[in-house]
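Sequence lines set the chain letters: A, B, ... in the order given, protein chains first and strands last, and positions in each chain run from 1. Computed from a predicted model, the values in this text were never measured in an experiment.
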2 protein chains.
Amino acid sequence: MDTRDYRNKLISTATHLFAERGLHGVSVRELSKAAGVSISMISYYFDGKEGLYSSVLEEQFSCFDYIDVIMGKESEPIEKIEDYIRWSIRRHREKPHLLRFYTSELTNPTRYFARIVQPAIEKVILILIEIIEEGMHRKQLRKGLNPEDTALAMVGMVNYYFLSTLATQKFVNHSPERDEELIKHYMDIFTKGISEHSDVTY
Amino acid sequence: MDTRDYRNKLISTATHLFAERGLHGVSVRELSKAAGVSISMISYYFDGKEGLYSSVLEEQFSCFDYIDVIMGKESEPIEKIEDYIRWSIRRHREKPHLLRFYTSELTNPTRYFARIVQPAIEKVILILIEIIEEGMHRKQLRKGLNPEDTALAMVGMVNYYFLSTLATQKFVNHSPERDEELIKHYMDIFTKGISEHSDVTY
DNA sequence: CTACAAATAACGAACGTTTGAATCAAAGTA
DNA sequence: TACTTTGATTCAAACGTTCGTTATTTGTAG
């Protein structure tokens, strides 16, 4: 190693360790030893352990770039949704360890995940609202659901898929060949309306 | 409080705290303070913090009693399966915090959960094998899946439902009215054969 | 020499555990 | 009945360890 990029070493090591055992399950001593870097580098490059954790979440889960790509396209709103779902599935297949953060964060009272990923989710919601306002979900609107709630429920459905994948990954082999099936399934849920599949409550 | 049952206090307090934040997310000092009990009681009644955690899992997730009831019934194997699924759904609705342990344990390298719940699962597998051997899953057997693998996959599918419930509990209201729907769905998967719905891999 | 990168060693705080004394009800004893 | 003994609980205090952080020192490139 000529390049002394200890920061990257810490990020990549932390990504896998935090994904496996969560924030509290890894100590800075073990982490730095695994990365082959001195302990003090964590506070040097990041704002301590939690800063490193936040950085991992930011770098690994950021979808701003692709959301910008989607928003910039001259495509129909419904195509943007399919685009996003397709991209999400591909990305999670390429980085399967990301899924583990969902479960860690589900029981994390500090909600780093929510704080960091929330802005990205809000962008997705904006796209969804676009479609909803085009009248595709008039039925939900009639039922008293506002667009924000309906859109948030849709984001929830997508995350639900990811978590389901994690839960069954020991038993079920999700092959890329079945992606189209899944995409169709979720697009179906979306276009037919969430309320037909489940009750949205807040 | 006349009854000095500090042990029960610790168990019930630990159940909710561990469910919320996991083993590493709770300290013995906080736990004992919440329970209104001295710290040393944890080591007195249990084998330390991890012993308390194990006891919580054992007491909360034990299904031996009901498995025994099912095994003792003079019912058809297929009825036993439905019986078990029905009972599981009811129990998880009554104790929703149990679901949170699934996510905690998914990323827990120590695998307390697997070690403790495994014996119970193996009993369930026995029941499933009963049915499989009666020829309901000849198709899977022809495909080279042994009964144990198929049964284990079935248990995975049931747990998958529970985790799905947790993942979507913010968005979806699972009403008891829809239980029959869910039970029918899983019985359907089971009788039609798992291989039609997913690929079993180990 | 200067400025930055990196390692060492030490810090106070918090961790889980253990100790030893205090408390109390029940059993034993004269 | 009055006193002692016993065993089970309970707690405050302290234990040694590990935590995350940081002050200081060392190494290195320009």
Student check: side-chain heavy atoms of A:Met41 and A:Phe46 closer than 4.5 Å: no

To the nearest Å, how far apart are A:Leu31 CG and D:dC19 C1'? 14 Å

Send over the distance from A:Leu10 CG to D:dG20 C1', rounded to a whole Å. 14 Å

Taken to the nearest whole Å, NZ/B:Lys9 to C1'/D:dC11 is 14 Å

Are B:Leu52 and B:Leu31 close enough that some pair of their side-chain heavy atoms sits under 4.5 Å apart? yes

With heavy-atom distances below 4.5 Å as the criterion, would you say the side chains of A:Asp83 and A:Ser75 are in contact? no

Atom CG of B:Asp68 with >12 non-hydrogen neighbours under 6.0 angstrom: yes

What is the distance, rounded to the nearest whole Å, between atom CG of B:Asn8 and atom C1' of D:dT9? 15 Å

Run the ring-centre check on A:Tyr45 versus A:Tyr6 and record whether the distance is less than 6.0 Å. no

d(CE, A:Met41; P, D:dG20) in whole Å: 16 Å

Decide, yes or no, whether a salt bridge links B:Glu94 with B:Arg90 under the criterion of side-chain N to carboxylate O below 4.0 Å. no

Any Lys/Arg nitrogen of B:Glu79 or B:Arg86 sitting under 4.0 Å from an Asp/Glu carboxylate oxygen of the other? no

Could you tell me the separation between the NZ atom of A:Lys33 and the P atom of C:dA6, rounded to a whole number of Å? 20 Å

D:dT9 phosphate, OP1 or OP2, under 4.0 Å from B:Tyr45 side-chain N/O: no

Angle class for the A:Tyr66/A:Trp87 ring planes (parallel below 30°, perpendicular above 60°, tilted otherwise)? parallel

Kindly calculate the angle separating the two end axes of the helix from C:dC1-D:dG30 to C:dA30-D:dT1, each obtained from five base pairs, and round it to 10 degrees. 20°

Reading nucleotides 8-19 of chain C 5' to 3', which nucleotides get B (base under 4.0 Å from a protein heavy atom), which S (sugar-phosphate only), which -? B-B----BBBBB

